[in-house]
Amino acid sequence: MNILIVDDDSLTRQMLAHTLKYAGFKVTAAKNGEEAFERFMIDRHQLIVSDWNMPQMTGIELCKAIRRAENRRYVYFILLTMLDRPEDAVKGLEAGADDYIRKPFDPSELIMRVNAGQRILNLETRGLTVFALARLAESRDTETGEHLERVRHYCSMLAQELRKNPLYQNVIDDTFTQMIYETSPLHDIGKVAIPDNILLKPGRLTGEEFEIMKTHTIRGAETIAAMREEFPNTHFLNMAHDIILSHHERFNGTGYPHGLAGYQIPLSARIMAVADVYDALTSVRVYKEAYTHDQSRDLIVKESGTHFDPDVVRAFLARETQFEKSAPRDEDANHDTVVLPPAILKLFQHIRVN
Amino acid sequence: MPHESSNASTHDQAAQLATESRETSGAQAPPINLDLLLKRCLGDIEFMDTLLSELESTGESRVAEIAKHVEETNCHETAEAAHALKGAAAVLGAESVHRLAANIEDLCRTGKLEGVSEMLVNLQAEMVRCLRFIPAHAHERR
(Lines give C-alpha, C1' and ligand atoms only; values in the text may rest on other atoms or scores of the structure.)
Protein backbone atom coordinates (compact mmCIF):
# COMPACT_ATOMS: atom_id res chain seq x y z
CA MET A 1 0.00 0.00 0.00
CA ASN A 2 1.24 3.46 -0.91
CA ILE A 3 0.67 5.93 1.91
CA LEU A 4 0.59 9.66 1.35
CA ILE A 5 2.28 11.57 4.18
CA VAL A 6 1.89 15.31 4.52
CA ASP A 7 3.82 17.58 6.85
CA ASP A 8 5.34 20.99 6.34
CA ASP A 9 8.23 20.11 8.62
CA SER A 10 11.01 18.19 6.91
CA LEU A 11 12.16 16.39 10.06
CA THR A 12 8.67 15.10 10.84
CA ARG A 13 8.21 14.08 7.21
CA GLN A 14 11.43 12.11 7.28
CA MET A 15 10.49 10.45 10.56
CA LEU A 16 7.07 9.47 9.19
CA ALA A 17 8.55 8.09 5.99
CA HIS A 18 11.25 6.16 7.83
CA THR A 19 8.74 4.58 10.22
CA LEU A 20 6.26 3.59 7.53
CA LYS A 21 8.92 2.25 5.15
CA TYR A 22 10.29 0.21 8.04
CA ALA A 23 6.80 -1.30 8.38
CA GLY A 24 6.83 -2.27 4.71
CA PHE A 25 4.72 0.49 3.23
CA LYS A 26 5.48 2.56 0.17
CA VAL A 27 5.44 6.25 0.95
CA THR A 28 4.72 9.38 -1.04
CA ALA A 29 5.64 12.58 0.78
CA ALA A 30 4.15 16.02 0.32
CA LYS A 31 5.24 19.16 2.13
CA ASN A 32 1.92 20.99 2.17
CA GLY A 33 -1.79 20.46 1.63
CA GLU A 34 -1.86 21.68 -1.96
CA GLU A 35 0.96 19.41 -3.05
CA ALA A 36 -0.69 16.51 -1.22
CA PHE A 37 -3.98 17.10 -3.00
CA GLU A 38 -2.25 17.21 -6.39
CA ARG A 39 -0.43 13.96 -5.68
CA PHE A 40 -3.61 12.37 -4.41
CA MET A 41 -5.48 13.24 -7.61
CA ILE A 42 -2.79 11.41 -9.60
CA ASP A 43 -2.13 8.35 -7.44
CA ARG A 44 -5.44 8.07 -5.52
CA HIS A 45 -3.82 6.87 -2.29
CA GLN A 46 -6.10 4.97 0.03
CA LEU A 47 -4.42 6.00 3.25
CA ILE A 48 -3.18 9.46 4.22
CA VAL A 49 -1.28 10.61 7.29
CA SER A 50 -1.38 14.38 7.46
CA ASP A 51 -0.23 17.07 9.80
CA TRP A 52 -3.10 19.25 11.01
CA ASN A 53 -1.49 22.64 11.38
CA MET A 54 0.02 23.63 8.04
CA PRO A 55 0.15 27.02 6.34
CA GLN A 56 -2.29 27.72 3.47
CA MET A 57 -4.19 24.41 3.45
CA THR A 58 -4.57 22.73 6.86
CA GLY A 59 -4.88 18.99 7.37
CA ILE A 60 -8.61 19.38 7.98
CA GLU A 61 -9.06 21.35 4.77
CA LEU A 62 -7.09 18.68 2.91
CA CYS A 63 -9.29 15.97 4.42
CA LYS A 64 -12.46 17.76 3.32
CA ALA A 65 -11.10 18.34 -0.17
CA ILE A 66 -10.25 14.66 -0.53
CA ARG A 67 -13.66 13.57 0.73
CA ARG A 68 -15.27 15.84 -1.88
CA ALA A 69 -13.01 14.59 -4.68
CA GLU A 70 -13.29 10.87 -3.93
CA ASN A 71 -16.71 9.31 -3.95
CA ARG A 72 -15.92 5.93 -5.47
CA ARG A 73 -13.96 4.40 -2.63
CA TYR A 74 -12.95 5.13 0.90
CA VAL A 75 -9.80 7.00 1.85
CA TYR A 76 -8.55 6.45 5.39
CA PHE A 77 -7.33 9.74 6.82
CA ILE A 78 -5.14 10.02 9.93
CA LEU A 79 -4.49 13.46 11.40
CA LEU A 80 -1.18 14.11 13.09
CA THR A 81 -1.05 17.01 15.46
CA MET A 82 0.38 18.55 18.58
CA LEU A 83 -3.05 19.77 19.62
CA ASP A 84 -4.09 17.59 22.48
CA ARG A 85 -7.33 18.95 23.88
CA PRO A 86 -10.31 16.58 23.57
CA GLU A 87 -12.25 19.22 21.64
CA ASP A 88 -9.47 19.25 19.04
CA ALA A 89 -9.86 15.52 18.52
CA VAL A 90 -13.61 15.95 18.11
CA LYS A 91 -13.10 18.77 15.62
CA GLY A 92 -10.70 16.62 13.57
CA LEU A 93 -12.95 13.59 13.55
CA GLU A 94 -16.02 15.69 12.75
CA ALA A 95 -14.19 17.06 9.74
CA GLY A 96 -14.00 13.55 8.35
CA ALA A 97 -10.69 12.24 9.69
CA ASP A 98 -10.71 8.59 10.76
CA ASP A 99 -8.03 8.73 13.40
CA TYR A 100 -5.87 11.11 15.32
CA ILE A 101 -2.26 10.72 16.46
CA ARG A 102 -0.39 13.09 18.73
CA LYS A 103 3.03 14.44 17.85
CA PRO A 104 5.67 13.44 18.68
CA PHE A 105 4.37 10.05 17.65
CA ASP A 106 5.59 6.73 18.88
CA PRO A 107 6.63 4.65 15.83
CA SER A 108 4.89 1.49 17.01
CA GLU A 109 1.68 3.43 17.64
CA LEU A 110 1.82 4.96 14.17
CA ILE A 111 2.36 1.54 12.57
CA MET A 112 -0.44 0.03 14.65
CA ARG A 113 -2.89 2.77 13.65
CA VAL A 114 -1.94 2.57 9.99
CA ASN A 115 -2.37 -1.21 10.12
CA ALA A 116 -5.80 -0.70 11.69
CA GLY A 117 -6.68 1.62 8.83
CA GLN A 118 -5.50 -0.93 6.33
CA ARG A 119 -7.65 -3.60 7.97
CA ILE A 120 -10.68 -1.36 7.69
CA LEU A 121 -9.95 -0.69 4.03
CA ASN A 122 -9.54 -4.42 3.43
CA LEU A 123 -12.86 -5.08 5.12
CA GLU A 124 -14.45 -2.63 2.75
CA THR A 125 -12.94 -4.52 -0.17
CA ARG A 126 -14.08 -7.82 1.26
CA GLY A 127 -17.53 -6.41 1.79
CA LEU A 128 -17.71 -5.49 -1.87
CA THR A 129 -16.51 -8.94 -2.87
CA VAL A 130 -19.04 -10.69 -0.71
CA PHE A 131 -21.69 -8.39 -2.12
CA ALA A 132 -20.69 -9.31 -5.66
CA LEU A 133 -20.80 -12.98 -4.71
CA ALA A 134 -24.22 -12.61 -3.13
CA ARG A 135 -25.55 -11.05 -6.29
CA LEU A 136 -24.14 -13.86 -8.37
CA ALA A 137 -25.43 -16.51 -6.00
CA GLU A 138 -28.88 -15.00 -6.16
CA SER A 139 -28.99 -15.29 -9.91
CA ARG A 140 -27.51 -18.78 -10.30
CA ASP A 141 -27.78 -21.16 -7.43
CA THR A 142 -25.77 -24.11 -8.61
CA GLU A 143 -23.83 -24.71 -5.43
CA THR A 144 -25.38 -25.10 -2.05
CA GLY A 145 -24.26 -23.14 0.95
CA GLU A 146 -23.13 -26.39 2.58
CA HIS A 147 -20.74 -27.12 -0.26
CA LEU A 148 -19.17 -23.66 0.10
CA GLU A 149 -18.90 -24.04 3.87
CA ARG A 150 -17.26 -27.46 3.60
CA VAL A 151 -14.83 -26.37 0.92
CA ARG A 152 -13.60 -23.37 2.91
CA HIS A 153 -13.18 -25.61 5.93
CA TYR A 154 -11.17 -28.16 3.91
CA CYS A 155 -8.97 -25.41 2.46
CA SER A 156 -8.29 -24.03 5.90
CA MET A 157 -7.36 -27.48 7.24
CA LEU A 158 -5.03 -28.16 4.31
CA ALA A 159 -3.31 -24.79 4.74
CA GLN A 160 -2.79 -25.40 8.44
CA GLU A 161 -1.31 -28.81 7.76
CA LEU A 162 0.92 -27.62 4.92
CA ARG A 163 2.30 -24.96 7.22
CA LYS A 164 4.02 -27.70 9.18
CA ASN A 165 6.00 -28.54 6.05
CA PRO A 166 9.26 -26.50 6.12
CA LEU A 167 8.79 -25.70 2.43
CA TYR A 168 5.69 -23.68 3.22
CA GLN A 169 6.53 -22.16 6.59
CA ASN A 170 7.51 -18.86 5.01
CA VAL A 171 4.53 -18.87 2.69
CA ILE A 172 1.62 -19.90 4.85
CA ASP A 173 0.90 -17.80 7.91
CA ASP A 174 -2.26 -16.95 9.84
CA THR A 175 -3.23 -14.38 7.21
CA PHE A 176 -2.92 -16.93 4.38
CA THR A 177 -5.04 -19.44 6.30
CA GLN A 178 -7.69 -16.85 7.06
CA MET A 179 -7.71 -15.56 3.48
CA ILE A 180 -8.09 -18.97 1.89
CA TYR A 181 -10.98 -19.60 4.28
CA GLU A 182 -12.62 -16.39 3.13
CA THR A 183 -11.86 -16.55 -0.59
CA SER A 184 -12.36 -20.23 -1.39
CA PRO A 185 -16.19 -19.95 -1.58
CA LEU A 186 -15.67 -17.68 -4.58
CA HIS A 187 -14.03 -20.42 -6.65
CA ASP A 188 -16.94 -20.98 -9.04
CA ILE A 189 -18.48 -17.52 -9.31
CA GLY A 190 -17.71 -17.57 -13.04
CA LYS A 191 -20.38 -20.22 -13.53
CA VAL A 192 -22.96 -17.46 -13.64
CA ALA A 193 -21.67 -16.77 -17.13
CA ILE A 194 -22.38 -20.34 -18.30
CA PRO A 195 -25.69 -20.88 -20.15
CA ASP A 196 -28.38 -22.81 -18.28
CA ASN A 197 -28.51 -25.60 -20.85
CA ILE A 198 -24.90 -26.41 -20.04
CA LEU A 199 -24.67 -25.46 -16.39
CA LEU A 200 -27.84 -27.30 -15.40
CA LYS A 201 -27.51 -30.24 -17.80
CA PRO A 202 -28.01 -33.44 -15.79
CA GLY A 203 -26.02 -35.69 -18.13
CA ARG A 204 -22.50 -35.65 -19.38
CA LEU A 205 -21.37 -32.59 -21.34
CA THR A 206 -20.34 -32.83 -24.97
CA GLY A 207 -16.84 -31.72 -25.88
CA GLU A 208 -18.16 -28.39 -27.11
CA GLU A 209 -20.22 -27.87 -23.98
CA PHE A 210 -17.29 -28.72 -21.81
CA GLU A 211 -15.17 -26.11 -23.61
CA ILE A 212 -17.80 -23.53 -22.70
CA MET A 213 -17.99 -24.81 -19.14
CA LYS A 214 -14.22 -24.39 -18.83
CA THR A 215 -14.56 -20.67 -19.41
CA HIS A 216 -16.10 -20.22 -15.96
CA THR A 217 -12.55 -19.93 -14.59
CA ILE A 218 -11.70 -17.04 -16.89
CA ARG A 219 -15.05 -15.31 -16.54
CA GLY A 220 -14.90 -15.47 -12.76
CA ALA A 221 -11.32 -14.20 -12.71
CA GLU A 222 -12.34 -11.30 -14.94
CA THR A 223 -14.88 -10.22 -12.34
CA ILE A 224 -12.19 -10.11 -9.67
CA ALA A 225 -9.69 -8.49 -12.03
CA ALA A 226 -12.08 -5.57 -12.47
CA MET A 227 -12.20 -5.14 -8.70
CA ARG A 228 -8.43 -5.39 -8.49
CA GLU A 229 -8.15 -2.34 -10.71
CA GLU A 230 -10.02 -0.41 -8.04
CA PHE A 231 -8.08 -1.95 -5.18
CA PRO A 232 -4.60 -2.85 -6.38
CA ASN A 233 -2.33 -4.76 -4.04
CA THR A 234 -5.24 -6.20 -2.09
CA HIS A 235 -4.06 -9.66 -1.04
CA PHE A 236 -7.62 -10.84 -0.57
CA LEU A 237 -8.49 -10.13 -4.20
CA ASN A 238 -5.20 -11.57 -5.44
CA MET A 239 -5.88 -14.86 -3.72
CA ALA A 240 -9.50 -14.93 -4.89
CA HIS A 241 -8.28 -14.34 -8.44
CA ASP A 242 -5.72 -17.17 -8.22
CA ILE A 243 -8.25 -19.63 -6.86
CA ILE A 244 -10.96 -18.80 -9.36
CA LEU A 245 -8.66 -18.85 -12.36
CA SER A 246 -6.47 -21.83 -11.51
CA HIS A 247 -8.40 -24.33 -9.41
CA HIS A 248 -8.91 -26.58 -12.45
CA GLU A 249 -5.26 -26.58 -13.41
CA ARG A 250 -3.56 -29.94 -12.96
CA PHE A 251 -0.15 -30.58 -11.46
CA ASN A 252 1.06 -32.32 -14.65
CA GLY A 253 0.01 -29.40 -16.85
CA THR A 254 -3.08 -30.96 -18.46
CA GLY A 255 -5.64 -28.80 -16.69
CA TYR A 256 -7.35 -25.59 -17.76
CA PRO A 257 -7.57 -22.73 -18.59
CA HIS A 258 -3.84 -22.18 -19.14
CA GLY A 259 -2.28 -25.63 -18.74
CA LEU A 260 -0.08 -24.47 -15.88
CA ALA A 261 2.06 -27.17 -14.29
CA GLY A 262 3.56 -27.84 -10.86
CA TYR A 263 4.48 -24.74 -8.90
CA GLN A 264 3.34 -22.46 -11.71
CA ILE A 265 -0.10 -23.11 -10.26
CA PRO A 266 -0.67 -20.78 -7.31
CA LEU A 267 -0.56 -22.58 -3.96
CA SER A 268 -4.07 -21.46 -3.03
CA ALA A 269 -5.40 -23.04 -6.24
CA ARG A 270 -3.47 -26.29 -5.63
CA ILE A 271 -5.08 -26.49 -2.20
CA MET A 272 -8.49 -25.62 -3.62
CA ALA A 273 -8.24 -28.41 -6.22
CA VAL A 274 -8.01 -31.10 -3.53
CA ALA A 275 -10.72 -29.53 -1.37
CA ASP A 276 -13.15 -29.11 -4.26
CA VAL A 277 -12.68 -32.58 -5.70
CA TYR A 278 -12.92 -34.26 -2.29
CA ASP A 279 -16.23 -32.50 -1.72
CA ALA A 280 -17.49 -33.40 -5.18
CA LEU A 281 -16.55 -37.05 -4.63
CA THR A 282 -18.18 -37.34 -1.23
CA SER A 283 -21.36 -35.52 -2.31
CA VAL A 284 -24.32 -36.91 -4.21
CA ARG A 285 -24.57 -35.64 -7.78
CA VAL A 286 -27.25 -36.18 -10.37
CA TYR A 287 -24.93 -38.53 -12.19
CA LYS A 288 -23.53 -40.41 -9.19
CA GLU A 289 -23.99 -41.42 -5.59
CA ALA A 290 -21.74 -40.07 -2.90
CA TYR A 291 -18.46 -41.93 -2.59
CA THR A 292 -17.24 -43.03 0.77
CA HIS A 293 -14.33 -41.28 2.36
CA ASP A 294 -12.07 -44.28 1.66
CA GLN A 295 -13.00 -44.37 -2.01
CA SER A 296 -12.53 -40.63 -2.31
CA ARG A 297 -9.18 -40.74 -0.54
CA ASP A 298 -7.95 -43.52 -2.84
CA LEU A 299 -8.93 -41.52 -5.90
CA ILE A 300 -7.13 -38.45 -4.65
CA VAL A 301 -4.01 -40.42 -3.76
CA LYS A 302 -4.07 -42.02 -7.19
CA GLU A 303 -4.06 -38.57 -8.78
CA SER A 304 -1.21 -37.28 -6.62
CA GLY A 305 1.44 -35.79 -8.89
CA THR A 306 -0.81 -35.88 -11.94
CA HIS A 307 -3.89 -33.90 -10.96
CA PHE A 308 -2.88 -32.84 -7.48
CA ASP A 309 0.19 -31.40 -5.81
CA PRO A 310 1.75 -34.29 -3.84
CA ASP A 311 2.45 -31.98 -0.88
CA VAL A 312 -1.21 -31.05 -0.66
CA VAL A 313 -2.21 -34.71 -0.92
CA ARG A 314 0.16 -35.52 1.95
CA ALA A 315 -1.47 -32.74 3.97
CA PHE A 316 -4.85 -34.21 3.10
CA LEU A 317 -3.78 -37.66 4.30
CA ALA A 318 -2.47 -36.20 7.55
CA ARG A 319 -5.87 -34.66 8.17
CA GLU A 320 -8.07 -37.34 6.63
CA THR A 321 -9.84 -38.15 9.88
CA GLN A 322 -11.01 -34.56 10.10
CA PHE A 323 -11.99 -34.59 6.43
CA GLU A 324 -14.05 -37.71 6.98
CA LYS A 325 -15.84 -36.11 9.93
CA SER A 326 -16.59 -33.00 7.87
CA ALA A 327 -17.72 -34.83 4.73
CA PRO A 328 -21.43 -34.60 3.86
CA ARG A 329 -23.64 -37.21 5.50
CA ASP A 330 -26.53 -38.89 3.65
CA GLU A 331 -29.06 -36.47 5.09
CA ASP A 332 -26.98 -33.59 3.71
CA ALA A 333 -27.21 -35.05 0.23
CA ASN A 334 -27.99 -32.60 -2.52
CA HIS A 335 -28.00 -32.81 -6.26
CA ASP A 336 -25.54 -30.21 -7.37
CA THR A 337 -24.69 -29.98 -11.02
CA VAL A 338 -20.98 -29.52 -10.57
CA VAL A 339 -19.15 -30.70 -13.66
CA LEU A 340 -15.99 -32.53 -12.79
CA PRO A 341 -12.94 -32.69 -15.01
CA PRO A 342 -12.95 -35.60 -17.46
CA ALA A 343 -10.10 -37.31 -15.63
CA ILE A 344 -12.13 -37.46 -12.43
CA LEU A 345 -15.21 -38.66 -14.33
CA LYS A 346 -13.05 -41.45 -15.76
CA LEU A 347 -12.04 -42.38 -12.26
CA PHE A 348 -15.69 -42.56 -11.24
CA GLN A 349 -16.30 -44.89 -14.15
CA HIS A 350 -13.29 -46.93 -13.13
CA ILE A 351 -14.77 -47.37 -9.65
CA ARG A 352 -18.13 -48.32 -11.11
CA VAL A 353 -16.49 -50.97 -13.24
CA ASN A 354 -14.41 -52.30 -10.39
CA MET B 1 19.87 47.40 9.66
CA PRO B 2 18.25 47.27 13.07
CA HIS B 3 16.79 43.82 12.38
CA GLU B 4 20.19 42.23 11.75
CA SER B 5 21.93 43.99 14.61
CA SER B 6 19.14 42.98 16.94
CA ASN B 7 19.46 39.36 15.87
CA ALA B 8 23.21 39.44 16.28
CA SER B 9 22.83 40.95 19.69
CA THR B 10 20.31 38.40 20.94
CA HIS B 11 22.39 35.65 19.39
CA ASP B 12 25.46 36.79 21.33
CA GLN B 13 23.42 36.93 24.50
CA ALA B 14 22.14 33.45 23.82
CA ALA B 15 25.60 32.05 23.17
CA GLN B 16 26.83 33.58 26.40
CA LEU B 17 23.81 32.23 28.23
CA ALA B 18 24.41 28.78 26.78
CA THR B 19 28.05 28.85 27.84
CA GLU B 20 27.18 30.07 31.33
CA SER B 21 24.50 27.47 31.60
CA ARG B 22 26.99 24.77 30.67
CA GLU B 23 29.62 26.04 33.09
CA THR B 24 27.33 26.56 36.06
CA SER B 25 25.26 23.46 35.65
CA GLY B 26 27.40 20.49 34.87
CA ALA B 27 24.60 18.13 35.74
CA GLN B 28 22.21 19.73 33.27
CA ALA B 29 20.35 17.24 31.12
CA PRO B 30 21.60 16.95 27.53
CA PRO B 31 19.63 19.21 25.18
CA ILE B 32 18.61 16.25 23.03
CA ASN B 33 17.36 13.00 24.47
CA LEU B 34 19.33 10.68 22.23
CA ASP B 35 17.96 7.49 23.73
CA LEU B 36 14.44 8.62 22.92
CA LEU B 37 15.44 9.80 19.46
CA LEU B 38 17.18 6.53 18.66
CA LYS B 39 14.08 4.65 19.75
CA ARG B 40 11.95 6.79 17.47
CA CYS B 41 14.43 6.09 14.68
CA LEU B 42 13.83 2.38 15.32
CA GLY B 43 17.47 1.89 16.26
CA ASP B 44 18.75 3.25 12.95
CA ILE B 45 21.79 5.33 13.97
CA GLU B 46 22.51 6.46 10.44
CA PHE B 47 19.00 7.82 10.10
CA MET B 48 19.28 9.48 13.50
CA ASP B 49 22.46 11.23 12.35
CA THR B 50 20.66 12.44 9.23
CA LEU B 51 18.01 14.10 11.38
CA LEU B 52 20.59 15.62 13.70
CA SER B 53 22.55 16.94 10.73
CA GLU B 54 19.42 18.59 9.44
CA LEU B 55 18.83 20.26 12.78
CA GLU B 56 22.47 21.31 12.80
CA SER B 57 22.06 23.03 9.45
CA THR B 58 18.60 24.53 10.01
CA GLY B 59 18.38 25.09 13.78
CA GLU B 60 19.78 28.60 13.72
CA SER B 61 17.58 29.74 10.85
CA ARG B 62 14.50 28.25 12.52
CA VAL B 63 15.10 30.39 15.58
CA ALA B 64 16.04 33.38 13.43
CA GLU B 65 12.66 33.05 11.70
CA ILE B 66 10.92 33.42 15.05
CA ALA B 67 13.15 36.36 15.99
CA LYS B 68 12.34 38.07 12.71
CA HIS B 69 8.60 37.88 13.35
CA VAL B 70 9.08 39.05 16.94
CA GLU B 71 10.92 42.06 15.66
CA GLU B 72 8.10 42.73 13.22
CA THR B 73 5.68 42.34 16.17
CA ASN B 74 3.71 39.86 14.10
CA CYS B 75 2.04 37.62 16.70
CA HIS B 76 0.45 35.23 14.23
CA GLU B 77 3.61 34.53 12.24
CA THR B 78 5.67 34.29 15.43
CA ALA B 79 3.24 31.68 16.75
CA GLU B 80 3.35 29.76 13.44
CA ALA B 81 7.16 29.74 13.34
CA ALA B 82 7.33 28.73 17.00
CA HIS B 83 4.80 25.97 16.33
CA ALA B 84 6.95 24.61 13.49
CA LEU B 85 10.04 24.55 15.68
CA LYS B 86 8.06 23.02 18.54
CA GLY B 87 7.02 20.10 16.29
CA ALA B 88 10.51 19.50 14.97
CA ALA B 89 12.03 19.70 18.46
CA ALA B 90 9.46 17.28 19.81
CA VAL B 91 10.23 14.76 17.08
CA LEU B 92 13.96 15.00 17.82
CA GLY B 93 13.60 14.75 21.58
CA ALA B 94 15.00 18.28 22.03
CA GLU B 95 12.83 18.72 25.05
CA SER B 96 13.93 22.18 26.25
CA VAL B 97 13.71 23.68 22.78
CA HIS B 98 10.29 22.13 22.45
CA ARG B 99 9.14 23.60 25.77
CA LEU B 100 10.51 27.07 25.06
CA ALA B 101 9.04 27.16 21.55
CA ALA B 102 5.69 26.02 22.97
CA ASN B 103 5.78 28.87 25.50
CA ILE B 104 6.39 31.41 22.75
CA GLU B 105 3.61 29.94 20.63
CA ASP B 106 1.15 29.93 23.53
CA LEU B 107 1.94 33.54 24.39
CA CYS B 108 1.65 34.73 20.80
CA ARG B 109 -1.63 32.87 20.27
CA THR B 110 -3.08 35.19 22.93
CA GLY B 111 -2.07 38.14 20.75
CA LYS B 112 0.54 39.43 23.19
CA LEU B 113 4.28 39.86 22.78
CA GLU B 114 5.18 41.09 26.26
CA GLY B 115 8.01 39.00 27.63
CA VAL B 116 8.59 37.20 24.34
CA SER B 117 12.09 38.68 23.91
CA GLU B 118 13.28 37.03 27.11
CA MET B 119 11.78 33.77 26.01
CA LEU B 120 13.49 34.14 22.68
CA VAL B 121 16.88 34.63 24.31
CA ASN B 122 16.35 31.44 26.29
CA LEU B 123 15.26 29.61 23.16
CA GLN B 124 18.31 30.81 21.27
CA ALA B 125 20.54 29.72 24.14
CA GLU B 126 18.99 26.29 24.16
CA MET B 127 19.36 26.00 20.40
CA VAL B 128 23.03 26.96 20.71
CA ARG B 129 23.40 24.22 23.30
CA CYS B 130 21.78 21.73 20.89
CA LEU B 131 24.02 22.80 18.02
CA ARG B 132 27.11 22.38 20.18
CA PHE B 133 25.87 19.06 21.43
CA ILE B 134 25.37 17.47 18.00
CA PRO B 135 29.02 17.50 16.78
CA ALA B 136 30.23 16.65 20.28
CA HIS B 137 27.94 13.66 20.30
CA ALA B 138 29.12 12.62 16.83
CA HIS B 139 32.76 13.00 17.90
CA GLU B 140 32.10 10.95 21.03
CA ARG B 141 30.65 8.12 18.96
CA ARG B 142 33.61 8.11 16.57
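Labels below follow one simple rule: chain letters A, B, ... track the order of the sequence lines, proteins then strands, and each chain is numbered from 1. Keep in mind that what you see is a predicted model, and the values were worked out from it rather than measured.
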Heavy-atom closest contact (A/Pro104 atom, B/Ala90 atom, distance):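 Taking every non-hydrogen atom into account, CB-O, 3.5 Å.
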
Minimum heavy-atom distance between B/Leu42 and A/Pro107, given as atom pair plus value: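 Between these two residues, the closest heavy atoms are CD2-CB, 3.7 Å.
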
Check: [Y] and [X] side chains under 4.5 Å, non-hydrogen atoms:
X       : Y       : result
B/Leu92 : A/Met15 : no
A/Asp9  : B/Arg62 : yes
A/Met82 : B/His98 : yes
B/Arg40 : A/Thr19 : no

Heavy-atom pair count under 4.5 Å with chain A, highest-scoring of B/Leu51, B/Thr58, B/Leu85: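 Of the candidates given, the most pairs with chain A belong to B/Leu51.
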
Over 12 foreign heavy atoms within 6.0 Å of OH, A/Tyr22: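 Counting other residues, nucleotides and ligands, OH of A/Tyr22 stays at 12 neighbours or fewer.
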
Between CD on residue B/Glu105 and CG on residue A/Asn53, distance to nearest 0.5 Å: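 Between B/Glu105 CD and A/Asn53 CG, I get 7.0 Å after rounding to 0.5 Å.
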
Point-to-point distance, once rounded to the nearest 0.5 Å, from OG1 of B/Thr50 to CD of A/Gln14: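 With rounding to 0.5 Å, OG1 (B/Thr50) is 7.0 Å from CD (A/Gln14).
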
Chain B contact via A/Ser10 - side chain, backbone, both or neither, heavy atoms under 4.5 Å: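 A/Ser10 touches chain B through backbone and side-chain heavy atoms alike.
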
